[in-house]
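Written out below as structure tokens is the structure these notes cover.
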There are 2 protein chains.
Amino acid sequence: MIAIAHLSTRDQTRDRILAAAREVIGRKGKRGATTREIAEVAGVNEATLFRHFGHKDGLLSAMAQHYCGVVELKDSIGRLSGDLRDDLVAIGTLLMVRLESLRDLICWSLVEEDFQDRQPIGGQAWRSPDAIMSVVIEYMQRRVAAGDLQGDAEDLSRFFMGMIFAHVLGRKKFAATASFSEPEVALRFLVSVFLNGVANK
Amino acid sequence: MIAIAHLSTRDQTRDRILAAAREVIGRKGKRGATTREIAEVAGVNEATLFRHFGHKDGLLSAMAQHYCGVVELKDSIGRLSGDLRDDLVAIGTLLMVRLESLRDLICWSLVEEDFQDRQPIGGQAWRSPDAIMSVVIEYMQRRVAAGDLQGDAEDLSRFFMGMIFAHVLGRKKFAATASFSEPEVALRFLVSVFLNGVANK
DNA sequence: GATGAATGCAAGTACTTGCTTGCGTCATGC
DNA sequence: GCATGACGCAAGCAAGTACTTGCATTCATC
């Protein structure tokens, strides 16, 4: 299905521009990213950028579509072990990887409403986490129904997702001081707190 | 010490400009907020704004200083009950109120590095949470030492703060669907998970 | 009633930024 | 060998934005 090999030169420059847009927008946001800088990073003339995408907005949504597509996770759910802790670690890992790779775009989507007319890339950036979220909710509901978990499934899901996102944020914010930067270690800790709490009985 | 009553007209307009800046920057960020819009929101001529603060940067740091000052919390810690759960709820409430009131500015500080030369308002916005954080760490250390909690005090603190911040974010993001929007209810839930976990034994 | 400080108003400067255009160059494919 | 499509380059336009300036107005204080 995917043919990376024989890209036309036109598609190559298109991809370079998209990658540059992704990078610059991650740093400066939609508004702060100038077409000049994107073109420069892509090693391409600014005119070329407009010849490819028409407007800046066209580039923005093209890049959102390219990088924030909904990830397929049906298969990942298929191979859940059944053990509560292991399942949560597996789901959490999926979540964490996704949130980490989209972190900057998601952060921007928290503040930049679509400052222009067309569709917001924030929505795109969130769609993927949202899709995962619905899977998480479904899973939590099953576990609550089975009596393995207590509480409201949606609250639990939001909490679970939120603590992972907070951890991803924290790794950027407190990069220097973060003691558990290995993802697996951190995830096991988060799941532990989620399941056991941290109080000594 | 504080004399709100008899403000000179000059101080009044200054405060109106600061409030407008706070509002507009919360919506558009430092870069997106134009001096025109701030002046308009303040009901003040743009020239007046510059006569007061010199540059846009001057206004930015003045507003950060005005609205993101470090809150005094010594007294709040003083009246902790000693009961672990109650203490965490109390500290969490303090955190939550603070994070909620600064939420938009904090979100902007997550993405907008100082796009200009002077001191970043992000640092200002974080200073207050940071100050609270150090108190939380200190508290957690005491509790770990006393055997009430298990784990690394800093990890626990980051986690505790992170889950509250995630909840504050979630309340904005999932405002429509959030089931526990009452702060106290949510906080008790968060502290419960923190202390007990959510697994049925 | 005069003075001076604070502000409004309007015009303007210098720079950024999205976007266009016309032209020259180069490679690929018929 | 030549046509076509993709690109670079340079110049430029129009709108927005930070910031300035000179002048008129208001208003409190002496």
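Lettering follows sequence order; numbering is per chain, from 1.
- Atom CG of L49(A) is separated from atom P of dC19(C) by 9 Å (rounded to the nearest Å).
- Comparing A47(A) and A33(A) against DNA chain C, the residue whose closest nucleotide sits nearer the 5' end is A33(A).
- Contact check on E112(B) versus K28(A) returns no salt bridge, with no Lys/Arg side-chain nitrogen under 4.0 Å from an Asp/Glu carboxylate oxygen.
- At whole-Å resolution of the value, NE2 in H55(B) and C1' in dA18(D) are 11 Å apart.
- Every side-chain contact (heavy atoms from CB on, under 4.5 Å) that S157(B) has, sequence neighbours left out, goes to M133(B), V136(B), I137(B), M140(B).
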Report each atom pair, protein N/O against N/O of nucleotides 5-7 of chain C, whose distance is under 3.5 angstrom.
| from | atom 1 | to | atom 2 | distance (Å) |
| --- | --- | --- | --- | --- |
| dT7(C) | OP1 | T13(B) | OG1 | 2.3 |
| dT7(C) | OP2 | H52(B) | NE2 | 2.7 |

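- Separating the CD atom of E46(B) from the P atom of dA11(C) is a distance of 15 Å, rounded to the nearest angstrom.
- Whole-Å rounding puts the R36(B) CZ to dG16(D) P distance at 9 Å.
- At whole-Å resolution of the value, CZ in F50(B) and C1' in dG12(C) are 14 Å apart.
- By the side-chain contact (heavy atoms from CB on, under 4.5 Å) test, D104(A) pairs with R22(A), sequence neighbours left out.
- Atom CZ in F53(A) sits about 13 Å away from atom P in dA6(D), given to the nearest Å.
- Inspection of the R51(A) and N45(A) side chains reveals no N or O donor paired with an N or O acceptor under 3.5 Å.
- Look at R143(A) and D87(A) and you find a salt bridge, because one of the NZ, NE, NH1 or NH2 atoms lies within 4.0 Å of a carboxylate O, short of that distance.
- If you take NZ of K56(A) and P of dC19(C), they are 8 Å apart, rounded to a whole angstrom.
- Formation of a donor-acceptor pair under 3.5 Å by the K173(B) side chain with backbone atoms of V168(B) is not found in this model.
- Atom CG of L60(B) and atom C1' of dT17(D) are 14 Å apart (whole Å).
- Phosphate contact (OP1/OP2 of dT17(C), side-chain N/O of R31(B), threshold under 4.0 Å): present.
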